[in-house]
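Some notes on the structure that comes next.
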2 protein chains.
Amino acid sequence: MSTIKDVANIAGVSIATVSRVVNNGPKVGNKTRDKVLKVMAEIGYTPNANARALVKQKNTTLGVVIPALNDPFFASLANGVERIARDKKQHMLLSTGGFSSESELNAINLLIEQRCESMVVHSKKLADDTLIELSKKVPGIIFIDRLVPSIEERCIWLENTEGGKIAARHLLALGHTQFALLNSNFDIEDPSLRRKGFVETIENLNSKQANIQEINHEPTLKGGEMAAQQLLSLNIPFSAVFAYNDAMAIGAISVLEDNGLRIPEDVSVIGFDDVLLSQYSRPKLTTMHYPIEIMAENAAKLAIEFSHNQQSKSDFKHRYIPNLVKRESTSSCG
Amino acid sequence: MSTIKDVANIAGVSIATVSRVVNNGPKVGNKTRDKVLKVMAEIGYTPNANARALVKQKNTTLGVVIPALNDPFFASLANGVERIARDKKQHMLLSTGGFSSESELNAINLLIEQRCESMVVHSKKLADDTLIELSKKVPGIIFIDRLVPSIEERCIWLENTEGGKIAARHLLALGHTQFALLNSNFDIEDPSLRRKGFVETIENLNSKQANIQEINHEPTLKGGEMAAQQLLSLNIPFSAVFAYNDAMAIGAISVLEDNGLRIPEDVSVIGFDDVLLSQYSRPKLTTMHYPIEIMAENAAKLAIEFSHNQQSKSDFKHRYIPNLVKRESTSSCG
DNA sequence: TTGAAAGCGGTACCAA
DNA sequence: TTGGTACCGCTTTCAA
């Protein structure tokens with residue numbers, strides 16, 4: 001691949017001049033500019049971003065860490081970041097962190113080696129202290145989907161507890177009293193926060209007759225199916241299901257329907273996340289909308305801002321509340 | 001961020017020595033190694049990948065170009081590439097190419113600037129000649145989901161025509177004779193290839209009574225709905241639908257069901273791609289499985305191999321045939 | 001308006 | 001086993 005030197009030689013100018021025309025620098029004669037441009041096109045010169053980053057001590061790379069790409073939720077996250085990257089003429093370097101603390105740290109270190117000036121990181125496994133350390137080392141790092149005390153300005157998070165509350169209120173308003181909570185068995189705090197909001201609300205508003213059966217499984221379609229099967233085998237009455245996410249909700253629905261229960265006539269089901277899937281399912285899924293794409297966009301903007309200024313000037317929204325999207329899978333009880 | 005020089009100064013050794021321990025180089029005294037390691041940890045030294053790439057004239061970056069991230073098909077593609085990248089200790093740089101030739105070219109140039117040694121590119125809009133040029137300039141570039149004559153060894157593609165044939169055979173075997181083809185209206189060759197295989201097979205095997213009605217729309221859920229509506233308004237008989245992709249198939253199913261048609265009793269529907277969605281839908285979708293993730297993995301391996309050797313030694317599979325996944329949305333006619 | 005040259009953070013060769 | 005140093009491709013000051 002040709003270098004700036006090649007261009008300079010062929011065009012009969014100095015590399016400084018070539019550099020100027022490449023960067024639209026000032027004070028270059030029109031004749032010279034044209035000549036250089038012509039040579040560049042002829043030999044297919046492309047500037048080396050590595051060399052550039054080295055001397056300029058800065059990068060146009062925005063790094064992202066997500067657990068995996070093939071999950072629609074994280075795909076939306078990445079998509080939001082990517083949109084901002086494109087807007088701000090940055091490149092996006094994506095690194096997957098899997099579901100363990102070592103691989104999360106690996107993924108982050110990779111981005112640091114590349115000297116990404118800004119980073120949007122989804123980490124559930126790393127300890128608060130580690131993230132605080134990282135925030136000191138990398139001015140432009142933002143943690144999404146997580147609240148780390150003492151560095152809240154570097155975090156963008158969802159109030160999971162509120163999500164549980166809103167779901168509970170919706171189901172209570174529909175007259176339900178017998179609940180099933182199909183929760184994730186992943187060892188992160190989200191499931192317990194959602195449970196907390198859900199359970200507390202129900203107990204507060206309807207302490208007498210209410211009953212909540214919780215079953216934990218993988219937060220996947222399969223996990224939802226298995227949770228529903230287990231629920232049925234318990235042989236206890238229920239008319240409303242709150243699932244940890246849309247995949248579990250849809251898995252549960254398919255098992256419930258296979259067992260002769262109609263959704264929503266016999267059982268109301270409410271999901272979480274509002275991934276594309278929930279609009280495709282039949283019945284269309286009532287769910288808690290998780291504004292992950294908007295959160296990701298803001299995280300990206302915030303990351304870029306921090307990397308430039310060390311201090312955010314704009315008043316960004318850091319704390320998000322999910323909202324209910326009423327579709328077809330919930331209805332009044334009885 | 002601290003540099004190799006800082007480490008050398010503090011540890012009281014030369015930068016050459018530090019470089020050796022960083023790279024696990026040979027012949028470093030144990031004492032020296034420990035001392036350097038200690039300093040590195042203390043000041044949180046992380047090597048600069050840009051500087052490294054510059055001097056070594058090579059990168060550990062694998063570039064990917066896809067139109068967008070929020071489409072499950074492309075997410076699978078990216079996921080396959082990412083898996084290989086991780087295996088081969090490469091980083092993945094992702095650049096979205098949108099749906100126009102300029103933005104596709106932009107995305108590719110971005111990766112070239114970063115000097116990605118290997119690249120997996122999904123391009124539908126760029127002309128063959130452009131891709132041939134690119135393949136000369138970048139030894140490690142592989143085109144996925146596309147067949148460019150004269151550089152077939154740099155391509156990994158699916159035989160869309162075969163997909164159409166297999167779908168047709170399946171429906172014919174079930175006794176169907178009245179077909180609807182809900183095709184994509186995108187200006188790429190895939191829709192016409194699938195149509196070709198579908199139509200030819202039906203005409204060959206059942207020229208007398210067969211009838212095929214084609215309707216074109218966006219290859220999305222919405223497009224499928226609209227296509228189905230249009231189909232119904234035509235008021236012609238049909239018992240089998242071949243959709244361009246799963247999203248269209250599922251959109252069509254919802255409209256057909258809303259109009260009192262049962263799937264598959266009244267109408268058989270077959271999709272294409274076999275994205276996750278098709279297993280979540282009810283009834284579960286019969287579809288043509290597009291092995292995109294495996295293709296992507298192979299494209300990534302091939303790209304890395306080409307970037308190293310200029311010539312692929314392994315005998316890679318370049319040409320893929322989709323296969324039928326029989327689920328619940330098709331059944332025998334009448 | 002142009003060119004010379006220092007230097008960004010590393011690697012790797014050659015000497016010591 | 002260690003250190004000195006040229007150099008990777010580019011930007012940017014300083015002079016001309």
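Chain identifiers are assigned alphabetically (A, B, ...) following the order of the sequence lines, protein sequences preceding nucleic acid strands; residue numbering begins at 1 within each chain.
- No contact: A/V18 has no heavy atom under 4.0 Å from any strand.
- Using a 4.0 Å cut-off between a side-chain N of Lys or Arg and a carboxylate O of Asp or Glu, A/D190 and A/K124 qualify as a salt bridge.
- Contact record, A/A299 with A/I144: CB-CD1, 4.0 Å, taken as the closest heavy-atom pair.
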With a cut-off of 3.5 Å and sequence neighbours excluded, list every side-chain donor-acceptor pair involving residues 56-68 of chain B.
| unit_1 | atom_1 | unit_2 | atom_2 | d |
| --- | --- | --- | --- | --- |
| B/N59 | OD1 | B/T61 | OG1 | 2.9 |
| B/N59 | ND2 | B/Q114 | O | 2.7 |
| B/N59 | ND2 | B/R115 | O | 2.8 |

Using a cutoff of under 3.5 Å, can you pull out all pairs of nitrogen or oxygen atoms linking the protein to nucleotides 13-15 of chain D, with atom names and distances?
none

List the atom pairs, donor and acceptor, that lie under 3.5 Å between side-chain atoms in residues 27-46 of chain A and the rest of the protein, sequence neighbours left out.
| unit_1 | atom_1 | unit_2 | atom_2 | d |
| --- | --- | --- | --- | --- |
| A/T46 | OG1 | B/K137 | NZ | 2.6 |

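- Rotation axes derived from the C1' atoms of the five outermost pairs at either end of the helix from C/dT1-D/dA16 to C/dA16-D/dT1 lie 40° apart, to the nearest 10°.
- Between A/H318 and A/W157, the ring planes lie tilted relative to each other; the angle falls in the 30° to 60° range.
- Nearest approach of A/F143 to A/L134, heavy atoms of both residues: CZ-CB, 4.3 Å.
- Within the nucleic acid shown, B/T17 comes within 4.0 Å of sugar-phosphate atoms alone, with no base atom in reach, counting heavy atoms only.
- Between A/K5 atom NZ and D/dC7 atom P there is a gap of 8 Å when expressed in whole angstrom units.
- Using a 4.0 Å cutoff to heavy atoms of chain B, the contacted part of DNA chain C runs 5' to 3' from C/dC8 to C/dC13.
- Between the A/N298 side chain and the A/M295 main chain, no donor and acceptor come within less than 3.5 Å of each other.
- A salt bridge is defined here as a Lys NZ or Arg NE, NH1 or NH2 lying under 4.0 Å from an Asp or Glu carboxylate O, and A/E293 with A/R83 meets this definition.
- Residues from residues 47-63 of chain B that place a heavy atom under 4.0 Å from any atom of DNA chain D, listed by number: B/L54, B/V55, B/Q57.
- The number of heavy-atom neighbours closer than 6.0 Å to CD1 of A/I294, taken from other residues, nucleotides and ligands shown, is 12 or below.
- B/T46 comes within 4.0 angstrom of the backbone, heavy atoms only, and of no base.
- No donor-acceptor distance shorter than 3.5 angstrom exists from the side chain of B/T130 to the backbone of B/L126, with no hydrogens or angles considered.
- Between A/I15 and B/N30, the one whose closest nucleotide on DNA chain D sits nearer the 5' end is B/N30.
- A 6.0 Å sphere centred on CD of A/E189 holds no more than 12 heavy atoms belonging to other residues, nucleotides or ligands.
- Both tests hold for B/R154 against B/F306: distance to the six-membered ring centre under 6.0 Å, angle to the ring axis within 45°.
- For the pair A/D128/A/R146, a side-chain contact is recorded, criterion being any heavy-atom separation below 4.5 Å from C-beta on.
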